[in-house]
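See structure below.
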Amino acid sequence: QVQVVQSGPEVKKPGASVKVSCQTSGYTFSDYHIHWVRQAPGQGLEWMGIFQTHGDRRTTYAQKFKGRLTLTQDTSTRTVYMDLGSLTYDDTALYFCARDGHGGSPFSFDSWGQGTLVTVSS
Amino acid sequence: QSALTQPASVSGSPGQSITISCTGTNTDVGNYNLVSWYQQHPGKAPKLMIYEVTKGPSGVSNRFSGSKSGNTASLTISGLQAEDEADYYCCSYAGGDSWLFGGGTKLTVL
């Protein structure tokens with residue numbers, strides 16, 4: 001079955017960068033894009049960006065993250081990485097990766113990772 | 001882009017029906033039939049409940065249904081059950097390979 005497993009919690013200082021991994025299994029990796037979504041404590045969901053795992057492997061980032069968000073992949077391990085730089089206290093949040101539904105449920109997020117807590121603290 | 005607008009909270013008694021609205025603009029909700037809805041229980045990852053405005057994924061109860069009129073999409077839950085108590089989020093494709101979430105609605109089953 002489809003599985004999406006993320007790396008463990010991180011604690012970072014302001015100004016640092018964090019890299020979170022999202023490893024997938026149970027399906028053909030290149031058939032489904034991967035999104036990143038975050039949720040600040042007690043707040044709602046916020047779409048951050050998409051990594052298109054096939055074709056030109058294009059990335060698209062939400063405007064507020066442009067310049068400090070980078071999504072990459074390692075096809076050999078079926079993993080997509082999220083690298084967020086210039087961290088501030090406002091970046092403290094639970095970060096989720098989610099598979100795009102593609103042919104089954106297009107333009108939606110059909111399988112989610114368990115979430116990775118990133119805490120920004122001095 | 002601003003988040004889609006949802007009511008902060010709704011409530012209903014077991015067996016009743018409730019509807020959660022999700023208002024966007026003519027560049028997102030109104031421009032695409034690509035609204036999805038997610039259920040999130042505390043401490044859990046979101047779960048897809050509706051996609052493409054009205055379609056339910058396999059395994060999701062048919063008590064959940066979706067609709068859209070103009071710039072507003074809606075999620076209706078019929079035959080409310082205790083386990084439906086959760087946060088619900090709408091999401092719309094907004095063009096240019098970008099997506100937009102609503103602020104979320106807390107559903108309380110009385």
Side-chain angles (χ1 to χ4, degrees), chain A residues 1-6 9 22 32-66 69 71 93-117, chain B residues 1-9 20 22 24 27-29 31-60 64 66 73 75 86-106:
Chain A
Q1 74 281 20
V2 175
Q3 287 195 311
V4 182
V5 179
Q6 299 180 221
C22 171
Y32 296 81
H33 306 324
I34 294 290
H35 298 262
W36 288 85
V37 175
R38 78 176 185 180
Q39 185 170 37
Q43 302 300 309
L45 302 174
E46 180 178 31
W47 183 82
M48 299 177 67
I50 179 176
F51 185 94
Q52 302 198 16
T53 55
H54 59 260
D56 59 5
R57 299 184 181 178
R58 185 168 70 248
T59 54
T60 304
Y61 306 125
Q63 183 64 39
K64 70 178 289 185
F65 297 107
K66 286 182 179 177
L69 175 63
L71 302 182
L94 191 58
Y95 288 77
F96 293 101
C97 62
R99 192 184 79 159
D100 187 279
H102 193 48
S105 52
F107 295 88
S108 67
F109 318 123
D110 70 350
S111 295
W112 293 67
Q114 80 276 22
T116 296
L117 180 62
Chain B
Q1 288 170 314
S2 301
L4 307 176
T5 301
Q6 297 181 233
S9 63
I20 299 171
C22 169
T27 62
D28 39 68
V29 174
N31 198 37
Y32 304 96
N33 288 322
L34 295 172
V35 175
S36 52
W37 288 90
Y38 301 85
Q39 175 191 67
Q40 186 181 34
H41 286 110
K44 300 293 188 181
K47 176 185 176 182
L48 177 65
M49 306 303 285
I50 294 287
Y51 67 97
E52 290 184 317
V53 178
T54 62
K55 300 176 182 177
S58 172
V60 171
F64 293 81
L75 172 72
D87 294 326
Y88 290 85
Y89 294 90
C90 63
C91 183
S92 176
Y93 181 66
D97 289 341
S98 70
W99 279 255
L100 206 53
F101 277 101
T105 298
K106 181 177 180 60

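Labels below follow one simple rule: chain letters A, B, ... track the order of the sequence lines, proteins then strands, and each chain is numbered from 1.
The CG atom of A:Asp110 lies 10.5 Å from the OG atom of B:Ser36; values are rounded to the nearest 0.5 Å. Rounded to the nearest 0.5 angstrom, B:Lys55 NZ and A:Ser108 OG are separated by 10.5 Å. A distance of 10.5 Å separates OG in B:Ser98 from NE2 in A:His35, rounded to the nearest 0.5 Å.
Closest of all the heavy-atom pairs between A:Trp112 and B:Pro46 is CD1-O, 3.3 Å.
Between A:Phe109 and B:Phe101, the distance from one ring center to the other falls under 6.0 angstrom.
Between chain B and the residues A:His33, A:Gln63, A:Arg58, A:Gln114, the most heavy-atom pairs under 4.5 angstrom are made by A:Arg58. Per-residue heavy-atom pair counts under 4.5 Å with chain B were compared for A:Gly44, A:Ser111, A:Ser105, A:Gly49, and the maximum is reached by A:Ser105. Per-residue counts of heavy-atom pairs under 4.5 Å with chain B were compared for A:Gly115, A:Gly101, A:Ala62, A:Gly104; the largest is that of A:Gly104. Ranking B:Leu100, B:Leu48, B:Asp97 against chain A, the residue ahead of the rest is B:Asp97, based on heavy-atom pairs under 4.5 Å.
Using a 4.5 Å cut-off on side-chain heavy atoms (C-beta onward), B:Trp99 and A:Val37 make no contact. Looking only at side-chain heavy atoms (C-beta outward), B:Glu52 and A:Phe107 stay at 4.5 Å or farther from each other. Contact check for B:Tyr89 versus A:Gln39: side-chain heavy atoms found under the 4.5 Å cut-off. Contact of the A:Trp47 side chain with the B:Cys91 side chain is not registered, since no non-hydrogen atoms from C-beta on lie closer than 4.5 Å.
Heavy-atom distances place no part of B:Pro57 under 4.5 Å from chain A, backbone and side chain included. With a threshold of 4.5 angstrom between heavy atoms, B:Gln40 approaches chain A through side-chain atoms but not through N, CA, C or O. The part of A:Gln43 that comes within reach of chain B is its backbone (N, CA, C, O), which places non-hydrogen atoms under 4.5 angstrom from that chain. Only the backbone of A:Glu46 comes within contact range of chain B, judged by heavy atoms closer than 4.5 Å.
Of the possible polar contacts, none joining the B:Tyr38 side chain to the A:Leu45 backbone as a donor-acceptor pair under 3.5 Å is found.
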